[in-house]
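Below is one structure, written out as structure tokens; the observations come after it.
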Amino acid sequence: MGTYKYSAEFRADAVALARSSGRPVSRVAAELGVNHETLRQWIKVADEAAWPEAVAESAKDAEIAALRKQVSTDFVVVVSSG
């Protein structure tokens, strides 16, 4: 299965069209000849680029949640074996 490369300009235009058209992302993607999940990913990347502080904050939140889960799992193991 091959991969397709799209120019940055095409991606930006596709994102702009999806945002401004009011149509479902899947329909816009079909009209452009790209997979709807590909277009969704481009939109997500564009949103993250527009709000870098929000992305950083959500990354911190995800890291904190992962660390809490790890600590609770380690705690259960220590308590269970101790």
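All heavy atoms count here, side chains included; hydrogens, waters and symmetry mates do not. Bear in mind that the values here come from a model prediction, so they are computed numbers and not experimental data.
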query = Any idea which heavy atoms bring Ile43 and Arg19 closest together, and the distance?
reply = O-NH2, 3.9 Å
query = How long is the span from the CZ atom in Arg27 to the CG atom in Leu39, to the nearest 0.5 Å?
reply = 14.0 Å
key: Test side-chain contact (heavy atoms from CB on, under 4.5 Å) applied to Arg23 and Ser20, Ser26, Ser21, the passing residue   = Ser21
ask   = Leu32 and Ala14: which non-hydrogen atoms are nearest, and at how many Å?
value = CD1-CB, 3.5 Å
ask   = Transitively linked via ILVMFWY side-chain contacts under 4.5 Å: Val34 with Val45?
value = no
